[in-house]
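Inspection log for the structure reproduced underneath, given as structure tokens.
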Amino acid sequence: MSDYRSRSPIRSLIALGVHRWRHRKAIKELEALSDRELWDIGLIRNDIARTVKRGSLDK
């Protein structure tokens with residue numbers, strides 16, 4: 001995540017909003033996968049939020 005303090009307040013809010021939107025979108029996309037598809041990429045359903053937050057599928 002970028003350092004929002006080094007930007008103007010408006011840019012910081014926009015950047016934070018975009019970051020949160022991307023985070024929610026990634027979670028929704030992964031939650032739409034079947035358990036088999038998640039297994040194929042090395043995830044279980046309980047790992048989705050943590051993996052998105054970490055930003056990687058590497059374990």
Side-chain angles (χ1 to χ4, degrees):
M1 185 158 90
S2 302
D3 184 9
Y4 298 113
R5 295 171 289 177
S6 65
R7 300 179 183 172
S8 73
I10 298 296
R11 284 186 147 193
S12 295
L13 285 174
I14 291 169
L16 183 59
V18 168
H19 174 77
R20 288 181 177 170
W21 174 78
R22 287 180 177 161
H23 180 90
R24 287 190 308 268
K25 183 179 178 203
I27 288 174
K28 279 184 169 184
E29 288 176 0
L30 287 170
E31 286 177 342
L33 297 176
S34 69
D35 289 339
R36 173 62 190 204
E37 291 168 319
L38 289 171
W39 181 260
D40 286 345
I41 61 172
L43 288 176
I44 60 172
R45 201 155 296 282
N46 291 337
D47 290 339
I48 292 173
R50 180 173 36 103
T51 301
V52 171
K53 183 177 181 179
R54 190 174 59 199
S56 171
L57 291 177
D58 297 333
K59 286 191 172 188

Say you draw a straight line from [atom1] of [X] to [atom2] of [Y]; how long is it, rounded to the nearest 0.5 Å?
X: Arg50; Y: Ile27; atom1: CZ; atom2: CD1; result: 12.5 Å
X: Thr51; Y: Asp47; atom1: OG1; atom2: CG; result: 5.0 Å
X: Lys28; Y: Ile48; atom1: NZ; atom2: CD1; result: 13.5 Å

Close side-chain approach of Leu30 and Ile41, heavy atoms under 4.5 Å: yes

Other ILVMFWY residues reachable from Val18 by side-chain steps of under 4.5 Å: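 Taking Ile, Leu, Val, Met, Phe, Trp and Tyr as members, Val18 shares its hydrophobic cluster with Ile10, Ile14.
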
Qualifying salt bridge (charged side-chain N to carboxylate O under 4.0 Å, His left out) pairs with a residue from residues 13-26, counting only residues at least two apart or across chains: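 Residue pairs with at least one partner in residues 13-26: Lys25-Glu29.
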
Residue pairs involving residues 33-44 (criterion salt bridge (charged side-chain N to carboxylate O under 4.0 Å, His left out); sequence neighbours excluded): Asp35-Arg45, Arg36-Asp40

